[in-house]
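Notes follow the structure.
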Amino acid sequence: MVEKVVATEAALELIELLKNKHGPVFFHQSGGCCDNSAANCYLPGELTIGAGDEYLGDIGGFPFYISKSQYEYWKHTQRIIDVSEGTGAPSLGGPEGKAFHTRSRLFTDEEWAELTGKANRDP
């Protein structure tokens, strides 16, 4: 099964640390002009998820969302969640001196066909 979002080992280690400190968390891909590559980690209730958000899957056992408008732009890519040193966006990793960071890669034609049932990337 093709995953729309995956996490590196470093991200999974930070997620585990945050889970042990705070309990359940969730992720949302930021949509700000300066933090477009930031995957922010929140506690339940800190950010409202609604009809304008797309669920991509789970990382470290917790849900990951992105705004539907951003998803339309990035839907051809797998989101790869990693960690960098620093604090950056308003995320639970900041007090740990770490920030979640998003990279991406294009899905292969085979993966795209599995995800969409289409042989090519045309809408």
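Atoms considered below: every heavy atom in the structure, side chains included; atoms not considered: hydrogens, waters and symmetry mates. All residue numbers refer to positions in the sequence shown, counting from 1.
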Legend entry - Side chains of Gln29 and Tyr65 in contact at under 4.5 Å (non-hydrogen atoms): no

Inset, instruction - Check whether any side-chain heavy atom of Gln78 lies under 4.5 Å from a side-chain heavy atom of Lys4, and answer yes or no. - result: no

Legend entry - Residue pair Glu54 / Ser67, side-chain donor-acceptor N/O under 3.5 Å: no

Legend entry - Carboxylate-amine/guanidinium contact Lys98 Glu13, below 4.0 Å: no

Inset, instruction - Mark yes when over 12 heavy atoms from residues, nucleotides or ligands other than Tyr73 sit less than 6.0 Å from its OH; otherwise mark no. - result: no

Legend entry - The single option from Leu14, Val5, Leu12, Val6 passing side chain to side chain contact (heavy atoms under 4.5 Å, CB included) against Ile81: Val5

Inset, instruction - Starting at OG1 of Thr102, measure out to CD of Gln70 and round the result to the nearest 0.5 Å. - result: 9.0 Å

Legend entry - Non-hydrogen side-chain atoms of Thr77 and Arg105 separated by less than 4.5 Å: no

Legend entry - Connected via hydrophobic side-chain network under 4.5 Å: Ile80 and Val2: no

Inset, instruction - Check whether any side-chain heavy atom of Phe62 lies under 4.5 Å from a side-chain heavy atom of Ile15, and answer yes or no. - result: yes

Inset, instruction - Please name the pair of heavy atoms, one in Ala10 and one in Asp82, separated by the smallest distance, quoted to 0.1 Å. - result: CB-OD1, 4.0 Å

Inset, instruction - Test Ile59 against every option in Phe100, Phe26, Phe64 by the side chain to side chain contact (heavy atoms under 4.5 Å, CB included) rule and name the one that passes. - result: Phe64

Legend entry - Ionic contact status for Asp53 with Lys68, cut-off 4.0 Å: no

Legend entry - Residue pair Pro24 / Pro44: nearest heavy atoms and the distance that separates them: O-CD, 3.1 Å

Legend entry - Any side-chain heavy-atom pair of Leu56 and Tyr71 under 4.5 Å: yes

Legend entry - Minimum heavy-atom distance Ile49-His28, with the two atoms named: CD1-CD2, 3.6 Å

Legend entry - Gap between atom NZ of Lys21 and atom CG of Leu43 - 0.5 Å precision: 12.0 Å

Inset, instruction - For Glu72 and Ser69, indicate whether the former's side chain and the latter's backbone hold a donor-acceptor pair under 3.5 Å. - result: no

Legend entry - Lys19 side chain near Val25 side chain, heavy-atom distance below 4.5 Å: no

Legend entry - Close side-chain approach of Thr116 to Trp112, heavy-atom, < 4.5 Å: yes

Inset, instruction - Over all heavy atoms of both residues, which pair between Glu3 and Phe107 is shortest? Give the atoms and the distance, please. - result: O-CE2, 3.7 Å

